[in-house]
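Structure first, then comments.
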Amino acid sequence: MIGAGALRSRLEAQRARMVETLAQAVGIDSPTFPGQGAGAVASLFAGRYRALGAEVERLPGAEGTGDHMLARFRGARPGGPKVILLGHCDTVFPEGEAARRPFTVQGERARGPGVADMKGSLVACLFALEALAREGFRPAGEVLVLYDTDEERGNPSSRPHIERLGRDAAAALVIEPARADGSVVSSRKGSVYSKLSVQGVEAHAGVDPERGRSAVVELAHQILRACALERPGGTVNVTGLAGGERPAIVAGEASCFVELRADTQATLEEMERELLALAGRPALEGTKLAFERRGGRLAMERNAKTGWLIGLAAEVAREAGFTLTHTPTGGGSDGNFLSPLGVPVLDGLGPVGGNLHTEAEYLEVPTLAQRAALIAGLVE
């Protein structure tokens, strides 16, 4: 074995190349929709993995999204243990953002759209596998690297690929960025995203308002009821309010989006049942309610296998010269789809960053090599 300490020393010497690759990736606008940019980021890394000797293929995305990238490193023993590494090429930022806020490095921090979430992670993973290849490492089984292009929108087309490729993995290593304090992620909340639509009764707001049933007022009642479903470990967020068109008409239609999050799948399912039950209890007689599920993720709960993987990662980190901590988080990731299948998942293995999804997003440049060494050591 090479060892994480030696790997980190070799990776520290690659810092300039890592920053150069990061600048290339951040310089490509890659919103989920339209997907050309995310597909271009996937192509950038596909070429680099192919140069390492990986078998690279593109997996079809959904309409409007880019194709995903799968790099496969064959092992010495057919049927040996499989490790899958997961990351995403899309960001939350629109086209034109890379020109408006170009990649910069100030001191030890890099900035730019998606620099931490998660283009720095894509770079760290690439250089981790490159470092292993340079040392002649050949896994006993397979190492798969899947860079998808639609994670920021809930994995509408990549979820089946993630589940198919990862369900029999010995471990899933999710290279989302580490938390701002350097912690990796040991569990994530699950989520349910629904649209609530209200049908009211239109009437002239001045002449005969008593004939009307306001969909907007009904929606207000239901929002308060939905928010009352919050409990320890479970939250409710309401967005996207719309209703009524003209002030002279009692609103005939209204709608909003309701997102539930919970730290366990049991809590999430209980909250969803209670939310759907609201549709049968309108506050105003004559109004009608309907929920349409738009998406969500199962909870990534910590289990005994997670503990084993955390212990292994802590050992690798010590060898690489730093202390590893772990924490739960409320956001979802690719890992939410494999944990419920019984696969050991450890998340947040990428470089350290903060202020994700904002213009103040940053990446701690020294952690590129540190976290690449962690990823490489875990794979080894």
Side-chain angles (χ1 to χ4, degrees), residues 81-88 117-118 121 144 146 148 151-156 158-179 181-194 229-237 258-276 293-317 324-350 356 374-375 378:
K82 178 198 294 184
V83 173
I84 185 168
L85 297 106
L86 299 165
H88 63 87
D117 190 13
M118 60 179 294
S121 298
L144 303 182
L146 178 62
D148 65 59
E151 189 273 346
E152 294 292 5
R153 296 296 185 94
N155 305 87
S158 60
R159 177 178 179 175
H161 298 304
I162 292 169
E163 293 174 336
R164 172 177 60 86
L165 294 165
R167 67 173 57 251
D168 59 345
L173 307 178
V174 184
I175 55 172
E176 287 280 346
R179 304 300 89 178
D181 67 355
S183 297
V184 298
V185 174
S186 50
S187 64
R188 290 181 179 272
K189 287 183 177 181
S191 62
V192 171
Y193 182 57
S194 300
L229 300 179
E230 288 199 351
R231 65 204 63 193
T235 61
V236 179
N237 186 42
V258 181
E259 184 191 58
L260 309 176
R261 290 183 188 252
D263 52 14
T264 69
Q265 190 61 27
T267 299
L268 184 65
E269 291 174 359
E270 180 181 57
M271 291 177 68
E272 185 179 17
R273 285 194 298 270
E274 293 175 14
L275 181 71
L276 295 177
R293 201 177 199 274
R294 291 291 185 92
R297 290 184 172 99
L298 301 176
M300 187 185 113
E301 299 183 41
R302 184 180 172 184
N303 53 38
K305 290 182 179 180
T306 311
W308 162 76
L309 202 49
I310 290 170
L312 184 62
E315 181 181 336
V316 172
L324 189 80
T325 58
H326 64 89
T327 186
T329 188
S333 82
D334 298 320
N336 286 68
F337 301 116
L338 291 182
S339 179
L341 300 179
V343 178
V345 178
L346 191 57
D347 206 330
L349 292 167
L356 309 182
L374 174 63
I375 294 166
L378 277 166

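The basis for the numbers below is simple: all heavy atoms, side chains too, and nothing from hydrogens, waters or symmetry mates.
Judged by distance alone, the side chain of R302 and the main-chain N or O of M300 form no donor-acceptor pair under 3.5 Å. When atom types are taken as modelled, the side chain of S191 and the backbone of R297 share a donor-acceptor pair closer than 3.5 angstrom. A donor-acceptor contact shorter than 3.5 Å links the side chain of K305 to the backbone of G342. In this structure, the side chain of N336 engages the main chain of L298 through a donor-acceptor pair within 3.5 Å. E301 places no side-chain N or O within donor-acceptor distance of the main-chain N or O of T264, the cut-off being under 3.5 Å. Judged purely by atom type and a 3.5 angstrom limit, Q265 has no side-chain atom pairing as donor or acceptor with the backbone of G190.
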Verdict with reasoning, D334 to L146, per side-chain contact (heavy atoms from CB on, under 4.5 Å)
CA-CA 10 Å; D334 298 320; L146 178 62; over 6 Å; no

Could you walk me through whether V236 and V258 satisfy the side-chain contact (heavy atoms from CB on, under 4.5 Å) test, starting with their C-alpha distance in whole Å, then the side-chain angles of each, then the deciding distance to 0.1 Å, before giving a yes or no?
CA-CA 7 Å; V236 179; V258 181; 4.0 Å; yes

Apply side-chain contact (heavy atoms from CB on, under 4.5 Å) to T267 and R231, showing your working.
CA-CA 9 Å; T267 299; R231 65 204 63 193; 4.0 Å; yes

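Counting only heavy atoms from C-beta outward, the side chains of I310 and S186 approach each other to under 4.5 Å. Counting only heavy atoms from C-beta outward, the side chains of H88 and D117 approach each other to under 4.5 Å. When side chains are defined from C-beta on, E272 counts as touching R293, because their heavy atoms get closer than 4.5 Å. Side-chain contact between L338 and L86 is present, with at least one heavy-atom pair separated by less than 4.5 Å.
A donor and an acceptor atom, one from each side chain of S333 and R188, are located under 3.5 Å apart. Counting only N and O atoms by type, the side chains of N155 and H161 include no donor and acceptor under 3.5 Å apart.
Across all non-hydrogen atoms, the minimal contact from P177 to S121 is N-OG, 3.6 Å. What you find for L349 and L346 is that their closest heavy atoms are CD1-O, 3.6 Å. Nearest heavy-atom pair, A262 versus M271, reported as atom, atom and distance to 0.1 Å: CB-SD, 4.4 Å. Nearest heavy-atom pair across L324 and A314 is CD2-N, 3.6 Å. When all heavy atoms of S183 and T327 are compared, the closest pair comes out as CB-CG2, 3.8 Å. The heavy-atom pair separating R261 from K189 by the smallest distance is CB-CD, 4.1 Å.
Note that CZ of R273 is 10.0 Å distant from CG of L268, once rounded to the nearest 0.5 Å. The distance from the OG1 atom of T306 to the CG atom of L309 is 7.5 Å, given to the nearest 0.5 Å. Separation of atoms CD1 (I84) and CG (L165) is listed at 5.0 Å; rounding is to 0.5 Å. We find the CG-CD distance between L341 and E163 to be 5.5 Å, quoted to the nearest 0.5 Å.
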